[in-house]
Chemist: 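For reference, the structure I am asking about is given below.
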Amino acid sequence: MTNSYPADARLRVFATAASWIEGAAVRQLEQTLQRRGVVAVAAMPDLHPGHKGPVGCAVLADGVVHPDIVGTDIGCGMTLWRLDGLVRRLRIDKAVRALERLGDTDGLDLSEAAAAGVSADIASRHADALGTVGGGNHFVELQTVERIIDAPSCAETGLEVGALLLLVHSGSRALGPEVLARHPHAHGEGLRLDEGGAAYLVDHDAAVAFARLNRAVLAKRAAALLGLDGTPWLDVPHNHVTTDGVEVLHRKGAAQADLGLVPVPGSRGAMTYLVRPDPDAPGALRSIAHGAGRKRDRASMQGKSDQRDRPNPVGNRVICADAKLAREEAPEAYKNIARVVADLETHGLARTVALLKPVVTFKTGRA
DNA sequence: ATGTCC
C-alpha cells in the first residue's frame with residue numbers, strides 16, 4: 001500500500017512504496033509546507049514522525065528560519081574516524097571493557113575548543129558535556145569494513161576489508177536546547193532573517209561547532225581507550241541550518257550531501273552503509289537520508305524484550321546499562337537500512353561505496 | 001533530543 005503525499009509542486013518524496021512511511025509523518029509534511037516562506041521540501045525514505053515536524057527531510061525557506069524544524073539537538077551528526085587496526089587482530093572482550101569506560105567523563109581536555117571554533121564561554125559552561133554521548137539514538141560504534149562495493153572509491157581512500165573504524169553519532173547535548181529557548185518563535189511563523197533569524201543563526205552555528213567538537217572528543221577518547229591511533233575522516237551534520245543569506249536550508253534528520261562520503265547507519269543490529277551522495281541530485285536539496293529511521297515509536301517498544309542478548313545478523317556487542325533505552329533502540333524499532341539505501345540509489349541520490357559492520361556499540365554506561 | 005521529573 002502506498003502513501004498519498006500532499007499534492008504540492010514544492011514537495012519531493014524520495015521513497016518507493018517499499019519504504020513504508022507513517023501517515024502521521026505525511027501529515028507533518030503537509031504542515032511543514034504551510035510554514036512561512038517554505039519554497040521546497042525533500043523527504044527521505046527514512047522519514048518518520050517527530051515532535052514539531054517530520055524527521056528525515058530538508059526544508060528550504062526564503063528569508064525565514066524555523067528554529068523548531070531543527071529542534072533541540074542543533075548540530076547533531078555523524079563522525080567517522082579511521083583506526084590503525086584490523087578486526088582480525090582485535091580482542092573483542094578487551095575492546096568491550098575499554099569502551100565501557102566511555103561512560104566516565106573525568107579529565108576532559110578542553111584545549112581544542114578554541115581551534116574548533118567553540119567560545120571559551122560555551123566551553124567552560126558545557127565542559128562536563130564535552131565528550132559525552134547523550135541518549136536517544138546517539139552512540140559510539142567500533143566498526144569494520146565488511147564489504148567493498150565501489151572498488152575504485154575504496155582504493156582511492158585506501159579503505160580495505162577488515163579495517164577498523166569509529167562511528168560517532170552525537171550532538172550539542174544541553175547547548176542545543178539552551179539555544180532554542182533563547183530564541184522564541186511562533187510555530188509555523190519562524191523568524192525572518194532580518195527580525196531575529198540572523199541572531200538565532202549565530203547561536204545555532206556555535207552549537208553546530210560544539211556538536212562537531214563533541215564528536216571529535218568522543219572519537220579521540222574511544223581510540224585512546226582502545227589503544228589505537230585514530231585519524232579523523234568524515235564529519236556530516238544532519239540536524240542544522242545552512243544559508244546564503246537569502247535562502248535558508250533546514251535539515252532535520254537529513255545528512256548534508258555536499259561534504260563527500262556519508263555514513264548512513266542502520267539500527268544497532270544492522271550494517272552502516274558508506275555512500276557517495278550526488279550533491280546535485282534534482283530536488284534533493286543537497287541532502288540524503290541520515291539512517292534507517294524509526295518504524296516504531298519509543299513508547300510502543302516498552303514491554304518488549306530489550307534484545308541486548310539476542311543474536312542478530314551482525315553479531316556486535318552492545319554496551320547499554322539502561323534497559324529502557326535498550327528496548328527503545330532495539331533493531332526491530334528501525335526500518336530496513338538496505339531498503340532505505342536502495343531507495344536513495346533508485347532516485348539517484350547516492351551510490352553505496354562500502355558496508356561497515358558494527359563490532360562494539362556503546363550506548364550508555366549508566367542506567 | 002534535554003545535567004530528561006527534584
Chemist: Where do A:Tyr273 and A:Ile149 land on the side chain to side chain contact (heavy atoms under 4.5 Å, CB included) test, with the steps shown first?
Modeler: CA-CA 10 Å; A:Tyr273 281 64; A:Ile149 305 292; over 6 Å; no
Chemist: Dump the intermediate steps for side chain to side chain contact (heavy atoms under 4.5 Å, CB included) on A:Leu274 and A:Leu234, then the final yes or no.
Modeler: CA-CA 11 Å; A:Leu274 183 63; A:Leu234 307 171; 3.9 Å; yes
Chemist: Nearest-Å distance, NE2 (A:His138) to P (B:dG3)?
Modeler: 11 Å
Chemist: Contact class for A:Gly50 (heavy atom, under 4.0 Å): base, sugar-phosphate, or nothing?
Modeler: nothing
Chemist: Figure out the NZ/P separation between A:Lys324 and B:dC5, and round it to whole Å.
Modeler: 11 Å
Chemist: How would you label the contact of A:His51 with the nucleic acid (heavy atoms, under 4.0 Å): base, sugar-phosphate, or nothing?
Modeler: nothing
Chemist: Without decimals, in angstroms, what is the distance between A:Asn214 CG and B:dT2 P?
Modeler: 10 Å
Chemist: Donor-acceptor pair, distance only, cut-off 3.5 Å: does the side chain of A:Asp244 make one with the backbone of A:Glu247?
Modeler: yes
Chemist: If I take atom CG in residue A:Asp73 and atom P in nucleotide B:dT4, what distance separates them, rounded to the nearest angstrom?
Modeler: 15 Å
Chemist: Are A:His290 and A:His169 close enough that their ring centres sit under 6.0 Å apart?
Modeler: no
Chemist: Please report, rounded to the nearest Å, how far the P atom of B:dG3 is from the CZ atom of A:Arg173.
Modeler: 5 Å
Chemist: Nearest-Å distance, NE2 (A:His126) to P (B:dT2)?
Modeler: 12 Å
Chemist: Measure from CG on A:Asp128 to P on B:dT2 and round the result to the nearest Å.
Modeler: 15 Å
Chemist: Any base atoms under 4.0 Å from A:Gly136, or only sugar-phosphate, or nothing? Heavy atoms, all strands.
Modeler: sugar-phosphate
